[in-house]
Amino acid sequence: MSSKSNISANTPHILILGMGGTIAGLAPNPEDSPLQYEAGLVGVDALVAQIQSVVPVGVNLVSRQLANINSRNLTEAHLTNLGLAVKEALLDAAVKGIVITHGTDTIEETGLFLQATCGKLAHTQSKRVILTGAMLPSNVPGADGPSNLLDALRWASTPIDNCPGGVYAVMDGRGCMAMDLAKRHATALNAPLQNAPSSSVGLINPSWLSGVKAVQATWNEDLPIPQEGEWPWVEILTSHAGARPETVAHWLSSAVQGFVLAGSGHGGFHDGWIEPLDRAMLQGIALARTTRTGAGATLRNIPELDKLGCCASGSLTAPRARIALQLALNAAKQANKAGKPLTWQDFFARMADLPEIK
Ligand code: ASP
C-alpha cells in the first residue's frame, strides 16, 4: 500500500505503519452512539495529519498504510507483511523509530509476534518500535487515538538512553513491552495494558526498565518470519466443566499441527481429553498448555508431570502462546532444513522462559 511523505527518502524520520483498528474507526452518530462504529476506515495519513501541528519540532513523519482492518480479522498474511516492513525499516538508516497503529482486539498477538521476530534487531539497531491503538473511534468526543499516537511518536523519537531500542506499546499514557499486552477489558481506555507491568510515558520507572533489560539480555536471536502460506495451523482449545473428548478428537482427521490448551487453574485440562490428546501427540500434533485464568504463569510439571513433549507456556496467554507455537514450529522446520537438530520445544521455551517484568 501507499507511502505518504513530502521529505526525501534519506531524511531522518519516524515511520508510521497503519494497520487499521478503532483508532482509524468512524461512528455514524458520534455524539449519541460513540461505541457503534466501524473500525479501519480512516487512512493513516489522515490520522497523522490530525496531530501534525503538535509533533515535536524536527521530527519528520512518513506514513505507510499496510492494511486498514478491524483487527479481529487479522490474518497471518498481515503479520508476515507487517514483520517484513518492520525489519526493512529497522535496517533503513533514515528510519529513526517506528510506530504502528493497530486494532486492540488482536494487538496482543502482534505484540508477541514482533518481539519474537524483530525484538533483537530493534535492540541492536537502537530503534524503538511502538504499537498503539485506541478504544474510541476517531470522530467521537474525547477520542483517545490522537493522544496515543502522539505519545507513541514521542516515545519512538526521544533519545535512546532513556529507554533502549526494542518493541513496546503505548496507550492511555502508559507504556509496556509489546509482548506484555493482553486485552483484558472490553471498553477501558487502557484495555490492552490491564495486566501489563507498565511505565508512564515520559517518566520511565527504574524497576520496569531493569525488567526490560533482563528480557532483552535473554532474547538472543530473532525467529524467522513465516512466509505467507507457510504458517503452521494451530488451534486454541479451552478446557471447561463438561469438556468432551470429541472436542479434541474432532481435529484428529484434519491437518492441524498444534494445539494450545487454555486450561483451568495451573493450565490443567479435563480428564476427558487425556485419551484424544495422547492420540494427537502420537500423530505428531504439538501441544502447549496455558491458563484460561487471565493472569499468572503456567509452569513446567506443575501441578502434575507434563506429558513428554507437552510444553508449559510461562506467562504467555493463550493468544500469545498460539503465535509462539506457530513461530516455534516454523523455526524448527527451517533449522532442520539447515541441518540443525533443534525442536519446536527448543524455540517455544525461549519465548515461554523470558523473564517476567513485575
Ligand atoms: N475491533 C477493534 C479492532 O481491534 C477494536 C479496537 O481497535 O479497539 O480493530
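Positions are given from 1, in the same order as the sequence printed here. Numbering of ligands and ligand atoms starts at 1, following listing order.
- The aromatic rings of Trp273 and Phe269 lie parallel to each other, with less than 30° between the two planes, well short of the 60° mark.
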Would you sort out whether Asp92 and Lys127 count as a salt bridge (charged side-chain N to carboxylate O under 4.0 Å, His left out), showing the intermediate values? CA-CA 11 Å; Asp92 181 341; Lys127 293 181 188 178; over 6 Å; no
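- Using cut-offs of 30° and 60° for the angle between ring planes, the Trp251 and Trp233 rings count as perpendicular.
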Short N or O contacts of ligand 1 with protein, under 3.5 Å, listed by atom name?
{"unit_1": "ligand 1", "atom_1": "1 (N)", "unit_2": "Asn70", "atom_2": "OD1", "d": "2.9"}
{"unit_1": "ligand 1", "atom_1": "1 (N)", "unit_2": "Asp105", "atom_2": "OD2", "d": "3.0"}
{"unit_1": "ligand 1", "atom_1": "4 (O)", "unit_2": "Ser71", "atom_2": "OG", "d": "2.5"}
{"unit_1": "ligand 1", "atom_1": "4 (O)", "unit_2": "Thr104", "atom_2": "N", "d": "3.3"}
{"unit_1": "ligand 1", "atom_1": "4 (O)", "unit_2": "Asp105", "atom_2": "N", "d": "3.0"}
{"unit_1": "ligand 1", "atom_1": "7 (O)", "unit_2": "Thr22", "atom_2": "N", "d": "2.9"}
{"unit_1": "ligand 1", "atom_1": "7 (O)", "unit_2": "Thr22", "atom_2": "OG1", "d": "3.0"}
{"unit_1": "ligand 1", "atom_1": "7 (O)", "unit_2": "Thr104", "atom_2": "N", "d": "2.9"}
{"unit_1": "ligand 1", "atom_1": "8 (O)", "unit_2": "Thr22", "atom_2": "OG1", "d": "3.1"}
{"unit_1": "ligand 1", "atom_1": "8 (O)", "unit_2": "Thr104", "atom_2": "OG1", "d": "2.5"}
{"unit_1": "ligand 1", "atom_1": "8 (O)", "unit_2": "Ala134", "atom_2": "O", "d": "2.9"}
{"unit_1": "ligand 1", "atom_1": "9 (O)", "unit_2": "Asn70", "atom_2": "OD1", "d": "3.3"}
{"unit_1": "ligand 1", "atom_1": "9 (O)", "unit_2": "Ser71", "atom_2": "N", "d": "2.7"}

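- Looking at heavy atoms from C-beta onward, Leu35 lies in side-chain contact with Leu136 at the 4.5 angstrom threshold.
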Give the table of side-chain donor-acceptor pairs shorter than 3.5 Å for residues 223-231, with sequence neighbours excluded, one pair per line with atom names and distance.
{"unit_1": "Trp231", "atom_1": "NE1", "unit_2": "Glu76", "atom_2": "O", "d": "3.4"}
{"unit_1": "Trp231", "atom_1": "NE1", "unit_2": "Thr80", "atom_2": "OG1", "d": "2.8"}

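- Under the 4.5 Å side-chain heavy-atom criterion for Ile, Leu, Val, Met, Phe, Trp and Tyr, Tyr37 and Val42 are members of distinct hydrophobic clusters.
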